[in-house]
Amino acid sequence: MAYPPFRLTASACFVCGEPDPAMKPVVSQRHSGRNSFPPVLMSSPLKSVIVGTAGHIDHGKSTLIEALTGTHPDRLEEEKRRGITIDLGFAFLEEGSVRFGFVDVPGHERFVKNMLAGASGIDLVLLVIAADEAIRPQTREHFEICRLLGVQRGVIALTKSDLVDADTLGLLRLEAEEFVKGSFLAGAPILPVSAKIGTGITELQAALMQAARELSSRDTARYFRLPIDRSFPVKGFGTVVTGTAISGQVAAGEDVELLPAHKVLRVRGLHSGGKTVERVEAGQRSAVNLSGIEHTAIQRGMVVASPGRFRATRRVDVRLELLPSVPTLKHHAKVHFHAGTAETVAEVYLYDGASILPGASALAHFKLQDEIVLGRDDRFIVRQFSPVVTIGGGAILDPLARRPARKDTGRIAYLATLEKGTREEILAALAERNILGVSLQEIVARTEWLESEVRATAENLVKTKQVRIVASEPLLVLSEKVFADICEKLLARVERFHNENPLLPGIAREDLRAGLGKRVRAESFRTALEAVVQEKKLVVQAELVRKPGAEITLTPEEERAKQQIGEAFAKAGLAAPSVKEVFAELAIENARAERLLQILLREKVLVRISPELIFHAAALDRLAALLGDYKKA
Ligand SMILES: Nc1nc2c(ncn2[C@@H]2O[C@H](COP(=O)(O)OP(=O)(O)OP(=O)(O)O)[C@@H](O)[C@H]2O)c(=O)[nH]1
Ligand SMILES: [Mg+2]
């Protein structure tokens, strides 16, 4: 199938994302700096690094991005008019072997939620502190957010250095050092800069390069996931979404799943770093042209991902950390929940105790108001319901958690395994908690392991006799304990059947399966039955399951009655008697007689024509012969 070419044109820049017709030409002032590349149609060997700004309002973040890249990241009319950043802005810079994608965030406290959508995918933080104002509330809040989101590295810029003297700058440097002491930014470069007169910009670029070199590359072998921050139409192409790819990779022409809308869509084309590319990978700012959907059907917070690998969720189990400076958080409190580019309201359920103290952490459950796609280890931020301030954050342990239940006493131990365990320990615990077994899809959605990793882990657990693979295509894993339990139930049920039905040779396979209830999947039943048959504990003959040696033995009285029934029907020939009449002549009670009748039917001595009508087989044979003669005559 051929797809229309998807190229960067003079009227479409998917990465800066200005909707047509207001879209600026690519080779404009905004792009005329160092980042105006000719379009190439291949993915680049450059290392992609996302740098996010952080800092108080008006501290010079956007101006600094322009000084670094030549692109002013504010793109909305309102931003230009008010001189403040409202929503996320983007710019690019290619330096040596690194391609920087800058995400510029607003400093205004009212727009922290937009900042959060931008901060979730960053590798490096560019913490901006204005020399004339020093550390202010959003300097702290943005810094805490970066810490809680697990950002590992960054650079501190003391902006507007042209406005203060050397002594003030010296003091501010000490203050900044103190501020980040003991955190991920301890020891990070602290550089005075002035976007106005251009001092310190080269040093800042060098520091960013150094930090970028020290970053380990993201794993592009995982399943693809990109939290969407914008969706807009581009004339001639249709819907384009943008975001930072946080895992895996995707190529033009492949399918992605839009979640939580559960729609599989074709990728018509891709942009990254201001140019058309064949493929985008984890760590790249990306614009994805999607076919078959209106841009209005997609909102910030949705994701595009490898089809079938992720699931949207309303319940998650987490490790939640509370900031030291905030009030105690109570069980059942409502909070604003932010992860990836999504935000919703969450109700907090605490597993241990009635509250979390400031500065402490706890295992918790969130019931989310809206469905969100989350993966294990994803970081999140929580903000107080009202007034809205950042109070904590943490990591997702189980993205597909069940509703908390008092009887679920193993949950805390399970969460501890999810938090610290090896793959084998995690899969063993997951299987043990799911008596129905766990499917490949479920394991992937819960862990983000690759299919090959899931299979290898399951095989290892088979060797240590912790799980059983009851089906391999599609994979279904059962804990050995659950499997042994099913086997035991099978044996007990067959035993009971023989006791209750001494005159029947065995239980029908389907009745045996139905008797185990819905909590045993067909694959598990089949494998368990095979296992007990192999151990010679049961025998399967045609559709009947029985214990070995469970032959039917009739008492002399029953033998006599059986013979009597057969004779009664034989004698009557085609004038078949009713069952009631035949039973009335017997010396045994009706229930036993009924079983003898069943045996005769199974042995095909008698043949049932309708519920009421039974003939002796010999009578029917005679009838068939007669009819044959009649036809010949
Ligand atoms: N003197 C001087 N002024 C600067 C410098 N950098 C920025 N400014 C000015 O500071 C003001 C705010 O700059 P922005 O870059 O918009 O600040 P911001 O941090 O992006 O603000 P928000 O995005 O709204 O949080 C503007 O008027 C800039 O011209 C500098 O190095 N020196
Ligand atoms: Mg700004």
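When a residue number appears, it is its place in the shown sequence, counting from 1.
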Original post:
Would a distance-only check, ignoring hydrogens and angles, find a side-chain to backbone donor-acceptor pair under 3.5 Å from T239 to I293?
Top reply: yes
Original post:
Salt bridge or not for E109 and R136, using N-O below 4.0 Å?
Top reply: no
Subject >> Side-chain touch I145/H338, heavy atoms, less than 4.5 angstrom >> reply: no
Original post:
Is any side-chain heavy atom of P137 less than 4.5 Å from a side-chain heavy atom of H56?
Top reply: yes
Subject >> Note, V125 side chain near L185 side chain (heavy atom, < 4.5 Å) >> reply: yes
Original post:
Would you say Q369's side chain and T344's backbone share a donor-acceptor pair under 3.5 angstrom?
Top reply: no
Subject >> Cationic N near anionic O, under 4.0 Å, R311 to E257 >> reply: no
Subject >> Check ion pair R153-D123 (N to O, under 4.0 angstrom) >> reply: no
**OP:** Kindly indicate, with the supporting measurements, whether the criterion salt bridge (charged side-chain N to carboxylate O under 4.0 Å, His left out) is fulfilled by R379 and E321.
**Re:** CA-CA 11 Å; R379 299 297 180 122; E321 175 189 336; over 6 Å; no
Subject >> Carboxylate-amine/guanidinium contact E448 R225, below 4.0 Å >> reply: yes
Subject >> Charged tip of R285 within 45° of F92 ring normal and under 6.0 Å >> reply: no
**OP:** Flag the pair R147 and E144 as a salt bridge only when some basic side-chain nitrogen lies within less than 4.0 angstrom of an acidic carboxylate oxygen.
**Re:** yes
**OP:** Mind telling me whether F366 and F337 have parallel, tilted or perpendicular rings, with 30° and 60° as the class edges?
**Re:** perpendicular
Original post:
Does E214 CD have over 12 foreign heavy atoms under 6.0 Å away?
Top reply: yes
**OP:** For the residue pair D104 and S62, confirm or rule out a side-chain donor-acceptor distance under 3.5 Å.
**Re:** yes
Subject >> Exercise: identify the closest heavy-atom pair between I129 and A176 >> reply: CD1-CB, 4.1 Å
Subject >> Donor-acceptor side-chain pairing of E133 and H59 below 3.5 angstrom >> reply: yes
Subject >> Derivation of the salt bridge (charged side-chain N to carboxylate O under 4.0 Å, His left out) call for K160 and D58 >> reply: CA-CA 10 Å; K160 306 194 190 184; D58 244 8; 5.3 Å; no
**OP:** Any pair with a residue in residues 186-229 that passes ring-ring contact (aromatic ring centres under 6.0 Å, His included), sequence neighbours left out, goes on the list, sorted by first then second residue, please.
**Re:** none
